[in-house]
Amino acid sequence: MFKQVVSHKGFWKSVFTLGLAFVCVFILIKWAFEGFEIAFFTERDPWYLLGGSLVAGLAYGFIVSFGKFQSKIKNKNL
């Protein structure tokens, strides 16, 4: 089932789209809690902020997309 879901058309596009949307919303919310200060970006290493957020976003996108496509395939096969 895993291989069928991962190789389904549109799966990886959905992973990247959801991941990038998650990263944008996550960084915006964290920045809002910091008071929209520019120090949010300058005080920490921006590569760690973006890199960590991208990894977390892609993990989130994979999990959500996997569930979505798995249920789509199960409903189609029933």
Side-chain angles (χ1 to χ4, degrees):
M1 179 61 107
F2 179 81
K3 192 173 185 178
Q4 187 180 11
V5 171
V6 171
S7 63
H8 197 275
K9 181 183 179 193
F11 174 77
W12 290 107
K13 181 180 177 186
S14 177
V15 168
F16 291 119
T17 304
L18 284 172
L20 288 176
F22 173 81
V23 168
C24 291
V25 170
F26 178 74
I27 289 177
L28 188 65
I29 289 173
K30 280 190 66 128
W31 191 26
F33 280 121
E34 297 282 330
F36 292 108
E37 302 273 337
I38 196 66
F40 174 75
F41 297 105
T42 59
E43 288 181 353
R44 50 179 60 91
D45 189 8
W47 293 110
Y48 286 129
L49 175 67
L50 291 176
S53 297
L54 282 175
V55 169
L58 291 176
Y60 169 80
F62 184 85
I63 292 167
V64 171
S65 295
F66 188 84
K68 181 175 80 171
F69 280 85
Q70 185 179 26
S71 67
K72 184 189 291 189
I73 289 172
K74 279 185 178 180
N75 289 338
K76 189 173 140 181
N77 289 340
L78 290 179

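All residue numbers in this chain count up from 1 along the given sequence. No experiment lies behind these values; they were computed from the predicted model shown.
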Inter-residue atom distance H8.NE2 - K72.NZ, 0.5 Å rounding: 6.0 Å
Heavy-atom pair with the smallest gap, counting every atom of W31 and I38: NE1-N, 4.5 Å
Transitive ILVMFWY side-chain link L54 to F41, under 4.5 Å: yes
Heavy-atom neighbours of F33 CZ exceed 12 at 6.0 Å: no
Co-membership, hydrophobic cluster, residues W12 and I73, 4.5 Å side-chain: yes
Hydrophobic cluster identity match, F16 and F66, side-chain contacts under 4.5 Å: yes
Spatial distance of atom NZ (K74) from atom OG (S71) [nearest 0.5 Å]: 8.5 Å
Heavy-atom side-chain proximity of L58 to L18 below 4.5 angstrom: no
Spacing of E34 atom CD and I29 atom CD1 [to the nearest 0.5 Å]: 13.5 Å
same_hphob_cluster(F69, V15) at 4.5 Å side-chain heavy-atom cutoff: yes
Gap separating the OH atom of Y48 from the OG atom of S53, nearest 0.5 angstrom: 14.0 Å
L20 side, atom CG; Y60 side, atom OH - distance, nearest 0.5 Å: 12.5 Å
Verdict with reasoning, F11 to F62, per ring pair (Phe, Tyr, Trp, His ring centres under 6.0 Å): CA-CA 9 Å; F11 174 77; F62 184 85; 5.5 Å; yes
Under 3.5 Å donor-acceptor, S7 side chain and K3 backbone: yes
